[in-house]
Each structure stands twice: as C-alpha cells, then as structure tokens.
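Along the sequence shown, the residues carry numbers beginning at 1.
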Amino acid sequence: MVEFETVHSAQKAKAALNGADIYAGCCTLKIEYARPTRLNVIRNDNDSWDYSKPYLSRRDRGKGRQRQAILGDHPSSYRYDGYGNHGPLLPLPNRYRMGSRDTPELVSYPLPQTSSSYIHGGPPIGSVAMVSGLHQEKMNCSRVFNLFCLYGNIEKVKFMKTIPGTALVEMGDEYAVERAVTHLNNVKVFGKRLNVCVSKQHSVVPSQIFELEDGTSSYKDFAMSKNNRFTSAGQASKNIIQPPSCVLHYYNVPLCMEESIFQKLCEDHQVPKFIKYKVFDAKPSSKTLSGLLEWETKTEAVEALTVLNHYQIRVPNGSNPYTLKLCFSTSSHL
C-alpha cells in the first residue's frame with residue numbers, strides 16, 4: 001500500500017500507472033484503492049518507509065520515540081543531486097552489499113524525475129497535441145494515427161490550413177499526450193523533424209476542412225476505430241510503451257505471410273526495405289504470425305511503421321482481411 005498526500009495525487013498516480021508493465025512484457029501493475037485511510041509506519045526498512053519521517057531508520061531501533069529537533073533533520077540525512085531534488089537515505093538492497101563491512105547500510109537515492117504538473121499539484125496537461133514538421137505530401141490523418149496510436153487512443157486528427165505541415169491530434173487523455181511528446185518529439189520522418197508539444201486547445205473541432213496533397217481529407221475522426229490500442233485496461237496492459245527504434249514488432253498477420261511478401265509490401269508503398277527478418281514460432285492453435293523486422297536506421301523504421309501500420313492483408317479465398325499491427329520493439333538489433 002502507498003499513501004499519498006492528497007486524494008488527487010493518488011488518482012493521478014493510479015491513472016498513469018495502472019496496467020503499465022514494470023519490465024517489457026511482464027510485471028504488469030494492478031492498482032486499486034485501499035480501504036485504510038492512513039498508513040502507520042513504525043520504521044523505515046525494506047518492508048515499509050515513511051518519507052515524511054526520514055529518522056525512522058534501522059539505526060533508531062530500540063532508541064524509543066525521536067525527540068523534537070531544534071533544527072530539523074541532520075544535513076547528512078539528505079543529499080543534493082544537482083538537479084534541484086534531495087534524495088533521502090534509503091536501505092541498500094542486500095544483493096549490492098557483497099558482504100563488506102564497509103558498505104553503508106543506508107545510501108542516498110535521487111527522487112524520481114516526473115512532470116512539473118505532478119510535483120506541484122497543478123492542473124494536468126491537455127489531451128490535444130500539436131504536431132509540426134509533417135511532410136505535406138507524404139503525411140495524412142491516417143499516417144499520423146498510425147504513429148501516435150502507439151502511445152494512447154486517438155480521438156481526432158486535423159491538419160491546420162493556416163499552418164502547412166501542422167496537425168492537431170486529440171488523444172484519449174493527457175497521459176497519452178505526455179507519452180507522445182516524450183517519445184516522438186524531434187523524431188525524423190520523411191526527411192523532416194517532428195515538433196510535438198501540448199496544444200492549448202482542449203479539443204479538436206472539425207472546421208476549415210480541406211483536401212491534403214494526397215487527396216485525402218484534412219480531418220478524420222478515429223474515436224470508434226478498432227485500431228485504437230488502449231480501449232480497455234486489459235488491452236492497454238498489453239502495449240509496450242517504447243521510444244522509436246530500428247526494430248519493429250509485427251503481429252496479426254496470416255500464417256501464409258513470408259519475408260518476400262513483406263519485401264514486396266515495402267516496395268509497393270515506397271518505404272525503405274528492412275535488412276533482417278525474424279518470425280516467432282506459432283502455437284499449433286494460432287491463426288496468426290508475429291515476429292521482428294529490422295531496418296538500417298531508426299528513421300527508416302519510423303517511416304515504415306507510419307506507412308504500413310494497419311495495412312489490410314487480404315488472403316486468397318479469405319473472407320476478412322488481416323490488419324497488420326506494428327509497434328517499436330524492445331530489441332535494439334536482431
């Protein structure tokens with residue numbers, strides 16, 4: 001159990017962390033509200049810690065209640081890490097002590113880096129991202145969706161008529177926008193570097209709709225799209241939030257899918273060809289395949305994902321097409 005200073009802080013922590021993976025593909029957090037309204041911590045050790053009372057360390061066992069100090073905590077109880085944060089003295093995990101008597105029992109860890117809105121209790125950021133630096137001929141609403149859907153649900157995408165190469169992306173919540181800004185800002189796509197920031201707009205309004213260079217509409221509503229990947233807690237927990245890399249994980253492709261078909265797909269859509277291909281062993285009952293594709297550079301992989309994500313693969317004599325799903329892999333190389 002973890003006690004926060006305010007209910008609002010606890011709500012934001014739960015919204016941001018529930019369903020997230022501590023490690024790639026495992027250790028999924030499940031967070032619920034607890035019945036106790038307060039936690040009673042009597043000592044600071046591996047099992048419990050009161051960050052408002054740093055003096056409750058192991059060294060204080062048997063000393064009785066701590067007396068009120070005139071000048072507060074001793075300066076050695078905190079460390080200045082050079083970034084404006086003070087790190088309290090915390091227990092050193094057993095596996096790092098190596099049996100040495102000289103190893104300190106308590107060491108100083110920096111406080112976690114987080115957004116200013118969390119630290120200062122300010123209002124959360126908006127749920128609309130503004131993206132500039134989009135290639136005017138090669139980018140459209142669907143391709144923006146293909147890239148940004150990796151970090152949260154996409155509600156609407158609208159290109160701005162007055163500012164060429166700029167679009168507004170309304171996402172499911174402010175946390176999705178924060179993830180998109182963190183991972184996609186300054187990423188290079190089609191020779192142009194994206195600038196992703198939080199918009200002052202609270203929502204995207206379908207006004208001043210026009211035709212893009214490729215003939216598609218400048219506005220598209222994705223609220224009901226089946227390709228949104230965070231529509232439920234269970235579905236969201238399966239997503240691995242990764243920064244762009246040169247390796248893509250592909251899944252939901254038919255059993256007949258081969259490397260040559262992927263190569264032709266890249267050739268037909270004028271995206272760089274991958275340099276390495278890997279298919280995972282499928283279970284006997286599986287109806288689809290998954291695997292990895294590696295490109296020469298991160299930029300090439302980003303472009304391939306932007307174009308090919310959610311491509312409809314049709315199988316001869318098949319009733320429904322397969323939707324190719326792509327995301328950035330945790331592997332840096334194959």
Enquirer: Are there more than 12 heavy atoms of other residues, nucleotides or ligands under 6.0 Å from atom NZ of K220?
Expert: no
Enquirer: Quick check: closest heavy atoms across P244 and L184, and the distance to 0.1 Å?
Expert: CG-CD2, 4.1 Å
Enquirer: Set out, in order, the CA-CA distance, both residues' side-chain angles and the distance that settles ring-ring contact (aromatic ring centres under 6.0 Å, His included) for Y250 and F262, then state yes or no.
Expert: CA-CA 11 Å; Y250 70 85; F262 272 116; 4.7 Å; yes
Enquirer: For E259, what residues pass the salt bridge (Lys or Arg N to Asp or Glu O under 4.0 Å) criterion, not counting sequence neighbours?
Expert: none
Enquirer: Which residues pass the side chain to side chain contact (heavy atoms under 4.5 Å, CB included) test with A34, sequence neighbours left out?
Expert: M1, P36
Enquirer: If hydrophobic clusters are built from ILVMFWY residues whose side chains come within less than 4.5 Å, do I240 and F280 share one?
Expert: no
Enquirer: Can you tell me if W295 uses its side chain to pair, donor with acceptor, with the backbone of I275 under 3.5 Å?
Expert: no
Enquirer: Got a sec: does the CD of Q11 have more than 12 other heavy atoms crowding it under 6.0 Å?
Expert: yes
Enquirer: Is there a side-chain contact between N195 and V131, using heavy atoms and a 4.5 Å cut-off?
Expert: no
Enquirer: Which residues satisfy the side chain to side chain contact (heavy atoms under 4.5 Å, CB included) test with K138, sequence neighbours excluded?
Expert: H135, R143, F190
Enquirer: Any side-chain heavy atom of F230 sitting closer than 4.5 Å to one from N228?
Expert: no
Enquirer: To the nearest 0.5 Å, how far apart are CG in L17 and CD1 in I22?
Expert: 9.5 Å
Enquirer: Consider only side-chain heavy atoms of I, L, V, M, F, W and Y, link residues closer than 4.5 Å, and tell whether V157 and I163 are in one cluster.
Expert: no
Enquirer: Which pair of non-hydrogen atoms, one from N146 and one from T306, has the smallest distance, and what is that distance?
Expert: ND2-O, 3.0 Å
Enquirer: With a 4.5 Å cut-off on side-chain heavy atoms, are L308 and V271 touching?
Expert: yes
Enquirer: How far apart are the closest heavy atoms of Y277 and L334, and which atoms are they?
Expert: N-CD1, 4.1 Å
Enquirer: Does a donor on one side chain and an acceptor on the other come within less than 3.5 Å for S218 and K158?
Expert: no
Enquirer: Considering all heavy atoms of both residues, which atom of F274 and which atom of Q263 are nearest to each other, and what is their separation?
Expert: CZ-CG, 3.5 Å
Enquirer: Please report the shortest heavy-atom distance between L168 and S199, naming the atom on each side.
Expert: CD2-OG, 3.8 Å
Enquirer: Would you say the side-chain atoms of R314 pair up with the backbone N or O of P321, donor to acceptor, closer than 3.5 Å?
Expert: no
Enquirer: Contact between T288 and L255 at the side-chain level, heavy atoms closer than 4.5 Å - yes or no?
Expert: no
Enquirer: Examine distances only and state if a side-chain atom of D221 and a backbone atom of K156 form a donor-acceptor pair shorter than 3.5 Å.
Expert: no
Enquirer: Just by distance, with hydrogens left out, do N140 and S142 show a side-chain donor and acceptor under 3.5 Å apart?
Expert: no
Enquirer: Side chains of Y151 and F148: closer than 4.5 Å at any heavy-atom pair?
Expert: no
Enquirer: For the atom pair CD (E3) and OG (S9), what is the distance rounded to the nearest 0.5 Å?
Expert: 11.5 Å
Enquirer: Could you go through the side-chain contact (heavy atoms from CB on, under 4.5 Å) check for K12 and Y175 one step at a time?
Expert: CA-CA 9 Å; K12 286 197 285 188; Y175 306 109; 3.5 Å; yes
Enquirer: CG/N239 to OG/S237 distance, rounded to the nearest 0.5 angstrom?
Expert: 8.0 Å
Enquirer: Would a distance-only check, ignoring hydrogens and angles, find a side-chain to backbone donor-acceptor pair under 3.5 Å from S48 to R43?
Expert: yes
Enquirer: When you look at F328 and H249, which way does the ring-ring contact (aromatic ring centres under 6.0 Å, His included) test go after all the steps?
Expert: CA-CA 6 Å; F328 297 114; H249 171 58; over 10 Å; no
Enquirer: Is C141 close to V144 at the side-chain level, that is, under 4.5 Å between some pair of heavy atoms?
Expert: no
Enquirer: More than 12 non-hydrogen atoms from neighbouring residues, nucleotides or ligands closer than 6.0 Å to NZ on K325, yes or no?
Expert: yes
Enquirer: Could you walk me through whether Q312 and T323 pass side-chain hydrogen bond (donor to acceptor under 3.5 Å, both in side chains), step by step?
Expert: CA-CA 5 Å; Q312 299 288 297; T323 302; 2.9 Å; yes
Enquirer: Would you please indicate yes or no on a ring centroid separation below 6.0 angstrom for H310 and F145?
Expert: yes
Enquirer: Kindly determine whether M171 and I154 satisfy side-chain contact (heavy atoms from CB on, under 4.5 Å), including the steps that lead there.
Expert: CA-CA 4 Å; M171 304 190 74; I154 307 298; 3.6 Å; yes
Enquirer: Check the pair H333 / C246 against side-chain contact (heavy atoms from CB on, under 4.5 Å), numbers first and verdict last.
Expert: CA-CA 7 Å; H333 295 285; C246 60; 4.1 Å; yes
Enquirer: Please assess V196 against S132 for the test side-chain contact (heavy atoms from CB on, under 4.5 Å), listing each intermediate value before the final yes or no.
Expert: CA-CA 7 Å; V196 186; S132 58; over 6 Å; no
Enquirer: Could you go step by step and tell me if Q235 and T231 meet the side-chain hydrogen bond (donor to acceptor under 3.5 Å, both in side chains) rule?
Expert: CA-CA 7 Å; Q235 189 186 38; T231 54; 2.4 Å; yes
Enquirer: Given M130, which partner from the list V181, V177, T166, V169 fulfils the side-chain contact (heavy atoms from CB on, under 4.5 Å) test?
Expert: T166
Enquirer: Heavy atoms only: give me the nearest S286-A282 pair and the separation to one decimal.
Expert: CB-CB, 4.1 Å
Enquirer: For the atom pair CD (E303) and CE (M139), what is the distance rounded to the nearest 0.5 Å?
Expert: 10.0 Å
Enquirer: If hydrophobic clusters are built from ILVMFWY residues whose side chains come within less than 4.5 Å, do V187 and L326 share one?
Expert: yes
Enquirer: Working to the nearest 0.5 Å, report the span between NZ of K30 and CG of N18.
Expert: 8.5 Å
Enquirer: Please say which of K200, E174, E170 ends up in a side-chain contact (heavy atoms from CB on, under 4.5 Å) with V128.
Expert: E170
Enquirer: Do the side chains of L248 and C327 get nearer than 4.5 Å, heavy atoms only?
Expert: no
Enquirer: Got L305 and L150 here, is their nearest side-chain heavy-atom distance under 4.5 Å?
Expert: yes
Enquirer: Please check if the number of heavy atoms outside K14 that lie under 6.0 Å from its NZ is greater than 12.
Expert: yes
Enquirer: Between F222 and L212, is there a shared hydrophobic cluster once you connect ILVMFWY residues whose side-chain heavy atoms come closer than 4.5 Å?
Expert: yes
Enquirer: Can you tell me how the ring of Y51 sits relative to the ring of W49, calling it parallel under 30°, perpendicular over 60° and tilted otherwise?
Expert: tilted
Enquirer: Nearest 0.5 Å please: distance from the CG atom of L39 over to the CZ atom of F4.
Expert: 10.5 Å
Enquirer: Quick check: is M257 connected to L292 through a chain of hydrophobic side chains (ILVMFWY, heavy atoms under 4.5 Å apart)?
Expert: no
Enquirer: Would you say CG of D281 has more than 12 non-hydrogen atoms from neighbouring residues, nucleotides or ligands within 6.0 angstrom?
Expert: no
